[in-house]
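Input: a single structure, listed below in structure tokens.
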Amino acid sequence: MEQKQLTGKFYDIQGFSVHDGPGIRLTCFMKGCPLRCIWCHSPESQLFPDELNWMEIKCVGVEKCGRCLDVCPQGAISGGALKKSPAGDDIQLVAVDRAKCDNCGKCAEACTSRALYMCGDDYTVDELMERIRRDVPFFKRSGGGVTVSGGECLCQPEFLLELLKRCKAEDIHTAVDTTGFVPWSVIEPIIPYTDVFLYDIKNMDSDLHKQGTGVPNELILENAKKIAAAGGKFQIRVPVMTMYNDSVEMFDKLGEFLLELGGAVEVIQLLPYHSLGVVKWERLGRGPDLTDGKFVDIVPPTDDLMQARKKQLEDMGLPVIIH
Ligand code: SF4
Ligand code: SF4
């Protein structure tokens, strides 16, 4: 009897990625995350099930089209707000009642404009390896490889382990982008098949970490130490936000902690906050869980501040870049 293959759920697969590890990479974004960061720039990654998205800019309006209204079995779609067409005519957009919607995807199939689309694709390991092999020539020329990201890819641990094993069997460089907020028992098995961990540290103060992400930081810091002790390598990622994690004290603590990891840290990447994720929340018809759907006004750090924090870590002998 043929054995059923493991399936992983992804929300995006991006080729020619140059910010997710060394060289040119194929970054595979998995769905599902245990954190609920209030600044999340990929909210479509947070929940595991497929989710309906709606892009206002692509909707041609219910009078000209309206296919989605006809196919929705839940009656969740109706005529909504008006917008002006480029010619100055009124266009009535659709409104999706998220309380009624069960994410069946029928409206997305009917929407030829791709204003409605589902987020979430299932791949078997074989299917994903087929996609990965297409980019191997770029990996070889650039020193790149595959990055598995999320969401939190370690929330689908069996699939991830099998995928990493298959990549290493074909001599493909592997990076795992993780929050670190997962049990050690799921990290330990992947270490021999992971060339580098892209590891987020969002705040050294556990209370502030919980305020911003919904979870404390102890497990994350503990797992980082264990990965280092087991011979794993890191690119540490720090999203920098004004008045949240940009203080001198916070960066002192961060530097001291990273020095404890010794030679395991290849580089620290400081990522200035940007607000591009807000539009993605709007497509999902919701906002961050921790703030009851309201957007917190997070101020992006200035260039001077980024340079000052970079220098602070460099003065401690750590390798730092600003993304
Ligand atoms: S099917 Fe798509 S383009 Fe047509 S009205 Fe619905 S959302 Fe708009
Ligand atoms: S996903 Fe299904 S239930 Fe939700 S709005 Fe579309 S057709 Fe209706």
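Atoms within a ligand are numbered from 1 in the order they appear, just like the ligands themselves.
Taken from CD in E249 to CG in L254, the straight-line distance is 13.0 Å, to the nearest 0.5 Å. Here the straight-line distance linking atom CD of E51 with atom SG of C119 works out to 7.5 Å at 0.5 Å rounding.
Contacts with ligand 1 closer than 4.0 Å are made by side-chain heavy atoms of S113 only, the backbone lying farther away. Residue-level proximity to ligand 2 for V71 is absent, since no heavy atom of it falls below 4.0 angstrom.
Of all atoms in ligand 1, listed by their number and element, those nearer than 4.0 Å to a heavy atom of V94 are 5 (S), 6 (Fe). Every atom of ligand 1 is numbered from 1 in the order shown, and the set under 4.0 Å from a heavy atom of C59 is 3 (S), 5 (S), 7 (S), 8 (Fe). Atoms of ligand 2 found under 4.0 Å from any heavy atom of I77, numbered from 1 in the order shown, are 5 (S). Shown in contact with G61 at under 4.0 Å from a heavy atom are these atoms of ligand 1, numbered in order with element: 5 (S). Proximity to L116 (heavy-atom distance under 4.0 Å) selects the following atoms of ligand 1: 7 (S). Ligand 1 places these atoms under 4.0 Å from at least one heavy atom of G66: 4 (Fe), 5 (S). Interface atoms of ligand 1 facing W54, defined by a heavy-atom separation under 4.0 Å, are 7 (S).
Of the protein's non-hydrogen atoms, C104 SG, 2.3 Å is the one closest to atom 2 (Fe) of ligand 2. Scanning all protein heavy atoms for the shortest distance to atom 3 (S) of ligand 2 gives D102 OD1, 3.3 Å.
Among the atoms of C72, no N, O or S atom is found under 2.8 Å from atom 4 (Fe) of ligand 2. At least one N/O/S atom of C65, whether from backbone or side chain, sits less than 2.8 Å from atom 4 (Fe) of ligand 1.
Listed here is the closest heavy atom pair of R25 and G144: NH1-C, 3.6 Å.
The aromatic rings of F10 and Y123 lie perpendicular to each other, with more than 60° between the two planes, well past the 30° mark. Between H323 and H19, the ring planes lie perpendicular to each other; the angle is over 60°, past the 30° to 60° tilted range.
Without hydrogens or angle criteria, W281 side chain to G293 main chain gives no donor-acceptor distance under 3.5 Å.
With atom 6 (Fe) of ligand 1 as the reference point, the heavy atom nearest to it among C68, A115, G80 is part of C68. The option with the heavy atom closest to atom 7 (S) of ligand 2, from among C111, C107, C101, is C107.
Each of V267, D20, L270 was checked for a side chain to side chain contact (heavy atoms under 4.5 Å, CB included) with R237, and the lone residue meeting it is D20.
Counting only heavy atoms from C-beta outward, the side chains of D246 and P301 never approach each other to under 4.5 Å. With contacts defined as side-chain heavy-atom distances shorter than 4.5 Å, the pair C167/I132 qualifies.
A donor and an acceptor atom, one from each side chain of N53 and E44, are nowhere located under 3.5 Å apart.
Ligand 1 lies out of reach of A110, whose nearest heavy atom is not under 4.0 Å from it.
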